[in-house]
Amino acid sequence: MASVQAPVSDSVIQAIRSQFPNLSSSTIFFENAGGSLMPRVVADAMRDYMVTRFVQLGATYKESIEATQTVADAHAWINTLMGGDGAGKTILGASASQLCRMLADCYLDIMEPGDEVIVCEAGHEANVNPWVRLERFGIKPVMWRIDPESMRCRIEDLERLLSDSTRVVAFPQVSNLLGEVVDVAEVTRVAQAAGARVVVDGVAYAPHRLMEAAEWGADWYVYSCYKVFGPHMGAMFGRDEAIEELTGHNHFFIPKDAFPSKFELGGVSHEGCAGLLAIGEYLKFVLEQIGESVPNGRIDRAGIEKAMNFLATLELPLQERLADFLAAHPRVRVIGPEATDESRVATISFVHESLLSTSIADAVAAEGIGIRAGHMYSYRLCQALGIDTSQGVARASMAHYNTVEEVDRLIEVLERIL
Ligand SMILES: Cc1ncc(COP(=O)(O)O)c(C=O)c1O
């Protein structure tokens, strides 16, 4: 993972934190799996767009030309951020949920009754329900169940479910409760060998590690931009062949080769696109803090790799500390592997033997720390693991801008409460 070894001095961490205006609050934010904080440069870019070129796209006057370019550039930049260049392109939308639903609707056009779609029990409902609901059109949903013991979805089980009828396999790269990183390349290889397309939910992975959509071979890869330092939008990479096979769900007169508009009903947030572009500025700032030069002042894929790998190294000590504490606690059950290393991300869920998850989150909030309780839309996963869905889990999720001191403060509070 980490090709850059972080010379992480406190001043680097403080410089990074200074980019996030929300961090001037006294609240400690450990709800990053719900949504990350936004760097100032991103918020400023959105405001700047709105007060200078908030106009319609596609016309021939100056501001419209600039606005059109901003939206096109954002698509290209996010494709690079996802590691999709050379293999496919990016669609933007309101959210990952909206994009998965859109995609399933598009696949319905080329499916026949009796075709099957495999969905994963560990998945967030965003990439489950859109496929399961195709049942009303004669498509058969097949559940790739989790092994409750290991809390993993086993590749052998997937192999048994695949058949000539399987058209799509939809699965998460990281469950937003379990936190473990699934081998996307391996699942993709197995699913594609059976002739299926894969739809990978990278939402819980993307804030923490480098996305490599093309390298992994994914046909479709989706993430939520607002969880990766951006505005409330979603982004979906599609491999060229997969894009071409679909007509899209836009109006009848939008041609099949009109990309991305065939998939972007009503367009996307233009100011959001300006914000997405500014994430590059933030990553550039990160690189400068560790003495890495940015050729031509614009961050490229190599720069993205270095920056994301560096940010990942900042998270490891945080997750190690909290995971160790929770794993050792006699009254706590960690939901997900007890790993503390790179095999997981800094999203850690647990339940207590007697305290309600909501009571834990409330008690922690009263101490000025934001964590979250609930099923987090991984409802089927909670059911499979015997977790009361009305309570779900307590989940603390960290990002690179959190500090060891903040984690220690959470541990101190949890020690008292638990
Ligand atoms: C793993 C995972 N997938 C999908 C989603 C849905 O993302 P969005 O809010 O962009 O629809 C979430 C949201 O929390 C998530 O955690």
Side-chain angles (χ1 to χ4, degrees), residues 88 91 93-146 153-155 157-178 182 184 187-205 213 216-224 234-239 241-243 245-249 262-263 265 375-384 389:
I91 307 160
S95 63
S97 305
Q98 178 258 321
L99 288 167
C100 290
R101 176 70 180 268
M102 177 281 295
L103 191 69
D105 286 351
C106 293
Y107 267 104
L108 185 58
D109 291 342
I110 59 165
M111 285 190 194
E112 303 286 339
D115 282 349
E116 297 183 2
V117 289
I118 297 180
V119 290
C120 179
E121 198 169 29
H124 183 286
E125 200 61 17
N127 198 25
V128 178
N129 175 58
W131 306 103
V132 167
R133 67 181 290 283
L134 300 185
E135 190 167 18
R136 72 191 70 174
F137 304 102
I139 310 300
K140 186 175 163 210
V142 177
M143 188 60 74
W144 179 14
R145 298 215 176 272
I146 189 161
C153 291
R154 292 178 300 214
I155 200 99
D157 293 338
L158 173 64
E159 276 168 332
R160 272 192 290 275
L161 300 175
L162 287 161
S163 76
D164 289 348
S165 306
T166 312
R167 303 298 305 280
V168 167
V169 177
F171 68 97
Q173 185 171 23
V174 171
S175 143
N176 62 338
L177 299 193
L178 305 174
V182 170
V184 167
V187 178
T188 298
R189 191 186 57 72
V190 167
Q192 288 174 344
R197 293 270 184 221
V198 297
V199 183
V200 185
D201 173 354
V203 174
Y205 170 95
W216 296 320
D219 298 298
W220 300 97
Y221 183 91
V222 67
Y223 87 97
S224 305
M236 182 176 260
F237 160 84
R239 189 167 283 278
E241 309 88 88
I243 287 172
E245 75 187 355
L246 298 176
T247 302
H249 68 155
K262 71 173 176 176
F263 294 117
L265 196 58
H375 55 69
M376 326 287 180
Y377 289 21
S378 288
Y379 194 92
R380 298 171 200 263
L381 173 61
C382 285
Q383 286 180 318
T389 49

Taking the side chain as every heavy atom from C-beta outward, state whether [X] and [Y] have any pair of such atoms under 4.5 Å apart.
X	Y	value
Arg380	Val128	yes
Arg101	His249	no
Ile139	Arg167	no
Phe171	Val184	yes
Leu161	Thr166	no
Ser165	Lys140	no
Leu178	Leu381	yes
Val119	Val132	yes

Are any side-chain N or O atoms of [X] and backbone N or O atoms of [Y], one a donor and one an acceptor, separated by less than 3.5 Å?
X	Y	answer
Asn127	Cys100	no
Asp115	Glu112	yes
Arg239	Ala218	yes
Glu245	Ile110	no
Trp144	Ile155	no
Arg136	Arg133	yes
Asp219	Val198	yes

Report the distance from atom [atom1] of [X] to atom [atom2] of [Y], rounding to the nearest 0.5 Å.
X	Y	atom1	atom2	result
Glu116	Asp164	CD	CG	9.5 Å
Phe263	Ile91	CZ	CD1	4.5 Å
Met236	Asp201	CE	CG	9.0 Å
Glu125	Asn176	CD	CG	11.0 Å
Met111	Cys106	CE	SG	10.5 Å

Angle between ring planes, Trp216 versus Tyr221, binned at 30° and 60°: parallel, tilted or perpendicular?
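Rings of Trp216 and Tyr221: tilted, as their planes differ by 30° to 60°.
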
Under 30°, 30 to 60°, or over 60°: which ring-plane class applies to Tyr107 and Trp131, parallel, tilted or perpendicular?
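Tyr107 vs Trp131 ring planes: tilted.
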
Is there a side-chain contact (heavy atoms from CB on, under 4.5 Å) between Ile243 and Lys262? Walk through the geometry before answering.
CA-CA 10 Å; Ile243 287 172; Lys262 71 173 176 176; 4.0 Å; yes

Below 4.0 angstrom, N of the basic side chain to O of the carboxylate: do Arg145 and Glu121 qualify?
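Salt bridge present between Arg145 and Glu121.
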
Please report the closest heavy-atom contact between [X] and [Y], naming both atoms and the distance.
X	Y	result
Thr389	Cys382	CG2-CB, 3.9 Å
Val174	Ala204	O-CB, 3.4 Å
Val203	Ser224	CG1-OG, 3.3 Å
Ser378	His124	OG-CA, 3.8 Å

Where do Val200 and Val187 land on the side-chain contact (heavy atoms from CB on, under 4.5 Å) test, with the steps shown first?
CA-CA 10 Å; Val200 185; Val187 178; over 6 Å; no

Decide yes or no on side-chain contact (heavy atoms from CB on, under 4.5 Å) for Trp220 and Leu99, but give the supporting numbers first.
CA-CA 10 Å; Trp220 300 97; Leu99 288 167; over 6 Å; no

Checking Met376 against Leu177 for the side-chain contact (heavy atoms from CB on, under 4.5 Å) test, could you report, in this order, the C-alpha distance in whole Å, the side-chain angles of both residues, the deciding distance, and whether it holds?
CA-CA 8 Å; Met376 326 287 180; Leu177 299 193; 3.3 Å; yes

